[in-house]
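Below: the structure, in structure tokens.
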There are 2 protein chains.
Amino acid sequence: MHPPRPTDAELEILRVLWSLGPSTVRAVHETVNRRRPAQYSTVLKFMQIMAEKGLLRRDEKNRAHVYEPAQPREATQRQLARDLLDRAFSGSAKELMMGALSSRKASPEELAELRKLLEEYQGERE
Amino acid sequence: MHPPRPTDAELEILRVLWSLGPSTVRAVHETVNRRRPAQYSTVLKFMQIMAEKGLLRRDEKNRAHVYEPAQPREATQRQLARDLLDRAFSGSAKELMMGALSSRKASPEELAELRKLLEEYQGERE
DNA sequence: ATTGACATACGAAGGTCTTCGTAGTAACGT
DNA sequence: ACGTTACTACGAAGACCTTCGTATGTCAAT
């Protein structure tokens with residue numbers, strides 16, 4: 001029922017779509033190409049494959065097809081977080097968090113946000 | 001200087017070594033095989049490749065070589081967490097945490113631990 | 001010395017991922 | 001009507017991942 005885990009290149013395209021909203025291949029290509037060299041046909045092929053796999057949905061009404069993620073961003077992110085949690089952290093959210101925080105400096109604001117998030121979470125659960 | 005990101009199968013073997021400590025191929029194979037069918041030579045091949053890639057180090061003193069992770073567990077986990085953070089969460093630790101928490105029930109104890117972790121983190125930073 | 005048990009090494013098949021060139025086609029301007 | 005431009009579709013190459021069979025070597029015990 002849910003699509004497979006996106007590969008690296010697929011995730012890159014998802015990220016672009018998350019930020020742009022539903023887009024044509026051209027728009028995605030332009031954004032990707034700003035970061036790294038990539039041929040238009042490469043991006044096109046990816047998006048076609050992703051549609052086949054069920055990662056993207058596409059609207060063929062116009063000549064230039066419009067693609068959008070088949071799953072909401074949050075669902076994909078949840079899937080990826082859980083996947084890594086199981087595969088590398090034996091399910092321990094705490095360890096995952098330590099890994100994420102120690103990997104780079106988190107701003108004080110972000111830390112505050114994180115604490116608030118935890119409080120909410122702890123509140124609604126009991 | 002640091003090894004490449006481990007693939008799925010490689011991570012599975014790392015996980016076994018994290019739990020067993022330095023081990024022979026046989027020991028790793030037995031553990032892996034308890035979970036899913038896998039030939040001895042498959043596990044052997046992986047571990048050889050991983051040694052080549054710099055993911056494992058091996059001691060050839062005895063006839064049955066003894067392998068261990070080249071990096072401490074924490075370093076690999078940090079790398080993976082950061083990698084996912086960048087690739088899927090645009091660097092937002094908050095979103096990663098939401099993904100991790102919503103993906104499965106976290107126990108109240110774990111939530112408490114997480115809060116403590118954040119407090120320490122916030123304390124040492126300023 | 002031969003055999004059996006247990007190692008490593010290695011080649012190769014089959015799958016997936018990534019990338020690109022090119023063919024075909026619809027629309028547009030002159 | 002014709003050439004140019006903008007799109008999709010597709011095939012294929014090359015890299016990497018996963019898996020396994022098999023060749024080869026070593027040790028110990030009969």
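Letters A, B, ... are given to chains in the order of the sequence lines, protein chains preceding strands, and every chain is numbered from 1. Atom set for the values below is all heavy atoms of this structure, side chains included, hydrogens, waters and symmetry mates excluded.
- Atom CE in B:Met50 sits about 13 Å away from atom P in D:dT19, given to the nearest Å.
- Comparing D:dT19, D:dA9, C:dT8 by their closest approach to the side chain of B:Phe46 singles out D:dT19.
- Note on A:Arg115 versus A:Glu113: no salt bridge recorded, every NZ/NE/NH1/NH2 to OD/OE distance being 4.0 Å or above.
- Protein atom NE2 of B:His65 is 15 Å distant from nucleotide atom P of D:dG25, rounded to whole Å.
- Expressed to the nearest 0.5 Å, how far OH of A:Tyr67 lies from CG of A:Leu17 amounts to 10.5 Å.
- Place B:Asp8 and A:Tyr40 on DNA chain D by their nearest nucleotides, and A:Tyr40 ends up nearer the 5' end.
- With rounding to whole Å, B:Arg5 atom CZ is found 14 Å from D:dC16 atom P.
- Cluster membership for B:Leu56 and B:Leu11, using ILVMFWY side-chain heavy atoms within less than 4.5 angstrom, is shared.
- The phosphate of C:dT16 (OP1 or OP2) has no side-chain N or O of A:Thr7 nearer than 4.0 angstrom.
- OP1 or OP2 of C:dA7 has at least one side-chain nitrogen or oxygen of B:Arg26 nearer than 4.0 Å.
- If one axis is set at each end of the helix from C:dA1-D:dT30 to C:dT30-D:dA1 from five pairs, those axes are 20° apart, to 10°.
- Separating the CD1 atom of B:Ile49 from the P atom of D:dC20 is a distance of 14 Å, rounded to the nearest angstrom.
- A donor and an acceptor atom sit less than 3.5 Å apart, one in the side chain of B:Lys45 and one in the base of C:dG11.
- In this structure, A:Tyr67 places its OH atom 12 Å from P of D:dC7, rounding to the nearest Å.
- Each of A:Ile13, A:Val28, A:Leu55 was checked for a side chain to side chain contact (heavy atoms under 4.5 Å, CB included) with A:Phe46, and the lone residue meeting it is A:Ile13.
- Across all strands, B:Ser41 comes closer than 4.0 Å to base atoms (heavy-atom distances).
- Taking atom CG of residue B:Leu55 and atom P of nucleotide D:dC17, one finds them 10 Å apart after rounding to whole Å.
- Across all strands, A:Gln48 comes closer than 4.0 Å to base atoms (heavy-atom distances).
- Atom NZ of A:Lys53 sits in a crowded spot, with more than 12 heavy atoms from other residues, nucleotides or ligands closer than 6.0 Å.
- Within the 4.0 angstrom heavy-atom criterion, only backbone atoms of the sugar-phosphate kind lie near B:Arg36; the bases stay farther away.
- Ion pairing between a basic and an acidic side chain is recognised when a charged N comes within 4.0 Å of a carboxylate O; A:Arg5 and A:Glu10 show no such pairing.
- Counting only heavy atoms from C-beta on, A:Gln39 has its side chain closest to C:dG21 among C:dT19, C:dG21, C:dA9.
- Distance from the side chain of B:Val25 is smallest to C:dT8 among D:dC7, C:dC10, C:dT8.
- Between B:Thr42 and D:dC20, a side-chain N or O to OP1/OP2 separation shorter than 4.0 Å is present.
- Using a 4.0 Å cut-off between a side-chain N of Lys or Arg and a carboxylate O of Asp or Glu, B:Arg73 and A:Glu95 qualify as a salt bridge.
- In this structure, A:Arg58 places its CZ atom 9 Å from C1' of D:dA9, rounding to the nearest Å.
- Taking CZ from A:Arg82 and CG from A:Leu96, the interatomic distance works out to 12.5 Å, rounded to the nearest 0.5 Å.
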